[in-house]
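The structure presented is a predicted model; accordingly, all values stated were derived computationally and were not measured. Counting starts at 1 for both ligands and their atoms, following the listed order.
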Amino acid sequence: MKALNLQKAQDAAVKAARAAGALMRANLRSVKKVNSATRHDIKLELDVRCQKLIERSLFTAFPRAAVLGEEGVSGDPTAEYRWVIDPIDGTVNFTYGIPHACVSIALQRKARSASSADYPDGYDTVVGVVYDPFCDEMWTAIRRGPARLNGRPVKVSANRRLQESVVSIGFAKSRESLRGTLPYFNQLVHRVRKIRMMGAAALALTYVASGRFDAYIERGIRLWDIAAGGLILECAGGEFWRKSIPGAHAYRMVASNGLLRKSLRMPV
Ligand code: IPD
């Protein structure tokens, strides 16, 4: 397959993210139709609508492209290029009218060698776009380029001191991850300035990329939550450690400014 023009791909992802973001803004305070709910998670009809909108928008620039999304797959997700989409990251916040949620769109390309790939299924992320429609903040990155927020380059913090750091923790959805995270939370809270639990993984990654947080940790997260934000973080000079765990496209991860991972002592 011919190499894709990554700038064109980023432009298409930005356009699609803005379209889904407008739909999210218009519906923040509305009563949402819940498609399914578990103890710690909700899936909305709007998740599906946003993914469809993003797909339609991307397909106008890249017809027949493959999509691996939180709300389903379209085309061949083992194709040379695939879009990895979380149409609404932070769905629980969004459901309750909390304006902290975003659209996450990554373009991934099959790596030359599976052993050097960003992700163990053999893919590298080459474009990352994360859009917070409530603050109108758009983060973008193209592999090996700078990370940008609304067009301006961003960098991770230079903080080396854990006791002065702000660290975000995600509490995922499963019992296993809650059981693993709570004891860690309990000891970390005494060693940092503040812990923040904001509820949108892609935004937590971009907050580390922008120096707002010094680190962000999750014991169980899916590829669509982290593919775009992970690239943006790396392009901002940060470190994105992750490890495959049981479950489809599931990972344990520590995102940091690159200076704090060891002192965070996250049990792996
Ligand atoms: C969730 C959010 C949350 C994180 C969960 C994710 P979703 O994504 O990012 O912050 O803790 O692990 O699954 O379901 O809102 O797209």
Side-chain angles (χ1 to χ4, degrees), residues 17 20-21 23-24 27-28 32 34-54 67-73 83-106 128-134 137 139 166-182 184-185 188 195-209 212-213 215-230 232-233 240 242-255 266:
L23 186 58
M24 288 168 69
N27 283 282
L28 180 67
K32 288 116 183 144
V34 175
N35 277 356
S36 64
T38 58
R39 188 87 187 82
H40 300 295
D41 195 28
I42 295 175
K43 288 210 173 289
L44 297 175
E45 176 261 338
L46 266 165
D47 283 305
V48 179
R49 246 204 289 161
C50 281
Q51 181 159 325
K52 293 259 171 290
L53 184 62
I54 292 166
V67 169
L68 174 60
E70 179 165 20
E71 305 311 321
V73 168
W83 295 101
V84 179
I85 300 172
D86 190 348
I88 304 180
D89 179 45
T91 305
V92 175
N93 282 349
F94 180 66
T95 307
Y96 285 77
I98 300 167
H100 189 79
C102 65
V103 183
S104 173
I105 304 176
V129 166
V130 172
Y131 181 51
D132 175 346
F134 308 109
E137 291 192 313
W139 284 268
V166 175
V167 177
S168 182
I169 291 194
F171 269 96
K173 305 168 176 179
S174 71
R175 275 178 191 215
E176 187 289 319
S177 96
L178 284 175
R179 255 197 303 266
T181 307
L182 281 168
Y184 177 63
F185 176 94
L188 189 67
I195 287 187
R196 293 287 180 250
M197 288 171 289
M198 308 278 284
L203 282 181
L205 285 162
T206 59
Y207 276 32
V208 181
R212 295 174 182 175
F213 292 156
Y216 163 54
I217 293 160
E218 279 255 7
R219 283 185 69 79
I221 194 102
R222 303 280 174 167
L223 179 64
W224 34 84
D225 298 307
I226 58 173
I232 292 166
L233 171 66
F240 184 39
R242 67 257 173 202
K243 175 181 148 187
S244 217
I245 58 170
H249 305 289
Y251 295 91
R252 181 153 299 153
M253 51 140 291
V254 179
M266 149 91 153

Which residue holds the protein heavy atom closest to atom 2 (C) of ligand 1, what is that atom called, and what is the gap in Å?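 Atom 2 (C) of ligand 1 sits closest to the protein heavy atom Asp89 OD1, 3.4 Å.
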Give the residue, atom name and distance (to 0.1 Å) of the protein heavy atom nearest atom 14 (O) of ligand 1.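 Checking every protein heavy atom, the shortest distance to atom 14 (O) of ligand 1 gives Lys173 NZ, 2.9 Å.
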Contacts of type ring-ring contact (aromatic ring centres under 6.0 Å, His included), residue His100, not counting sequence neighbours: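 Residues passing ring-ring contact (aromatic ring centres under 6.0 Å, His included) with His100: Tyr207.
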Under 3.5 Å: N/O of [X] near N/O of ligand 1:
X	value
Ile221	no
Gly170	no
Tyr216	no

I'd like to know if the side chain of Asn93 and the backbone of Met198 have a donor-acceptor N/O pair within less than 3.5 Å.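 Answer holds: yes.
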Flag, side chain of Asp89 to backbone of Ser104, donor-acceptor distance under 3.5 Å: no
Per-atom contacts of ligand 1 with [X], taking only distances under 4.0 Å to non-hydrogen atoms:
X	value
Gly220	12 (O)
Asp86	16 (O)
Ala201	2 (C), 9 (O), 10 (O)
Gly90	7 (P), 15 (O), 16 (O)
Ala200	9 (O), 10 (O)
Gly199	2 (C), 3 (C), 10 (O)

Between Glu218 and ligand 1, which part of the residue brings a heavy atom under 4.0 Å of the ligand: side chain, backbone, both or neither?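 It is the side chain that gets close, since no backbone atom is under 4.0 Å.
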Heavy atoms only, cut-off 4.0 Å: how does Arg222 contact ligand 1, side chain, backbone, both, or neither?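 Neither part.
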If you take the nearest heavy atom of each of Thr181, Val92, Leu203, Asp225, which one is closest to atom 6 (C) of ligand 1?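 It is Asp225 that holds the nearest heavy atom.
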Quick check: closest heavy atoms across [X] and [Y], and the distance to 0.1 Å?
X	Y	answer
Gln51	Ile85	OE1-O, 4.3 Å
Phe171	Glu218	N-OE2, 4.2 Å
Leu205	Gly230	CD1-N, 3.8 Å

Got a salt bridge between Glu71 and Lys52, using NZ or NE/NH1/NH2 to carboxylate O under 4.0 Å?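 Salt bridge flag = no for Lys52 with Glu71.
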Checking Asp47 against Glu70 for the side chain to side chain contact (heavy atoms under 4.5 Å, CB included) test, could you report, in this order, the C-alpha distance in whole Å, the side-chain angles of both residues, the deciding distance, and whether it holds? CA-CA 9 Å; Asp47 283 305; Glu70 179 165 20; 5.5 Å; no
To the closest 0.5 Å, what do you measure between CZ (Phe185) and CG (Leu178)?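 It is 12.0 Å, given to the nearest 0.5 Å.
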Hits for side chain to side chain contact (heavy atoms under 4.5 Å, CB included) against Val208, two or more places apart or cross-chain, chain-then-number order -> Phe213, Tyr216, Leu233
Does Asp47 have a non-hydrogen atom less than 4.0 Å from ligand 1? no
